[in-house]
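Sequence lines set the chain letters: A, B, ... in the order given, protein chains first and strands last, and positions in each chain run from 1.
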Amino acid sequence: MYIAKVIGDVVSSVKYETLHSHKLLIIQPLDPDGTHAGEPLMAIDMVDAGKGDIVLIVDQGTAARQVLSQEFPTIRTLILGIVDRIDVSGGTAG
Amino acid sequence: MHIARVIGTVVATRKVEQLEGSKLMVVQALSPEGEPTGRPLVAIDTVGAGPGDIVYYVRGREAAHTLEDKFNPADAAIMGIVDKVDL
């Protein structure tokens, strides 16, 4: 899992059936100290996160299978939680 | 999933049977601001996207799971068409 910041959302009416009941957010992966770590990507929101939230991400199919109870998941990037605070040895971030 | 623009289609009459009947589109990944990033790739399409559409695609096994026969070799699949991106 990794940390990311929600930087936007995607409105999409035509989409694959398993996506219909989910919000599609754009996330910027972060290192625990808050610096950008890689390209932005899209994630399925499971915790009603919004723009500006620091969130916990999983990017792996079998995880999606458990959270979404789909036998053949078509989703792999999920927002699992909203981070209140990160304490990293040598300083607080996020 | 990544945002992309459909920049073309691929026709391949001779292909492995697991890909028979699937639509092959060429997609160019885009940053949320719309800048091309990385190399174009070929994704299967199950939502009816067309050239010029802004879409989003998934990579890996999850892509194969969008087809009827889940055991196919596809590793990229268009999941939806973007109406709007809010940053």
Hey, which of B:Ile81, B:Val55, B:Ile78 has the most heavy atom pairs under 4.5 Å with chain A?
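Answer, by heavy-atom pair count under 4.5 Å with chain A: B:Ile81.
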B:Thr37, B:Val85, B:Val47, B:Leu87: which one forms the most heavy-atom pairs within less than 4.5 Å of chain A?
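Heavy-atom pairs under 4.5 Å are most numerous for B:Leu87.
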Report the distance from atom [atom1] of [X] to atom [atom2] of [Y], rounding to the nearest 0.5 Å.
X       : Y       : atom1 : atom2 : value
B:Arg61 : A:Thr62 : CZ    : OG1   : 13.0 Å
A:Ile3  : A:Asp33 : CD1   : CG    : 11.5 Å
A:Arg65 : A:Gln70 : CZ    : CD    : 9.5 Å
A:Leu68 : A:Ile75 : CG    : CD1   : 5.0 Å

Could you check which of [options] has the highest count of heavy-atom pairs closer than 4.5 Å to chain B?
options                   : value
A:Pro73, A:Gly8, A:Gly61  : A:Pro73
A:Val10, A:Asp9, A:Leu24  : A:Asp9
A:Met42, A:Lys51, A:Lys15 : A:Met42

Using a cut-off of 6.0 Å, state whether more than 12 heavy atoms not belonging to B:Glu33 lie near its atom CD.
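For B:Glu33, atom CD is crowded (more than 12 foreign heavy atoms under 6.0 Å).
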Within a radius of less than 6.0 Å around CD of B:Glu17, do more than 12 heavy atoms belonging to other residues, nucleotides or ligands occur?
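No, the 6.0 Å shell around CD holds no more than 12 heavy atoms from other groups.
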Under 4.5 Å heavy-atom distance to chain B, tell me which part of A:Thr77 shows up: side chain, backbone, both or neither.
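The side chain, not the backbone.
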Is A:Leu41 close to chain B through its backbone or its side chain, or both, or neither, when contacts mean heavy atoms under 4.5 Å?
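The answer is both parts of A:Leu41.
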Could you check whether any side-chain heavy atom of B:Met1 comes within less than 4.5 Å of a side-chain heavy atom of B:Met79, counting everything from C-beta outward?
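A side-chain contact exists here, since the closest heavy-atom pair is under 4.5 Å.
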Please flag which part of [X] lies under 4.5 Å from any non-hydrogen atom of chain A: side chain, backbone, both or neither.
X       : answer
B:Lys84 : both
B:Tyr57 : neither
B:Val58 : side chain
B:Ser31 : neither

Distance only, no hydrogens: is a donor on one side chain within 3.5 Å (strictly under) of an acceptor on the other, for A:Tyr16 and B:Thr46?
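Short answer, no.
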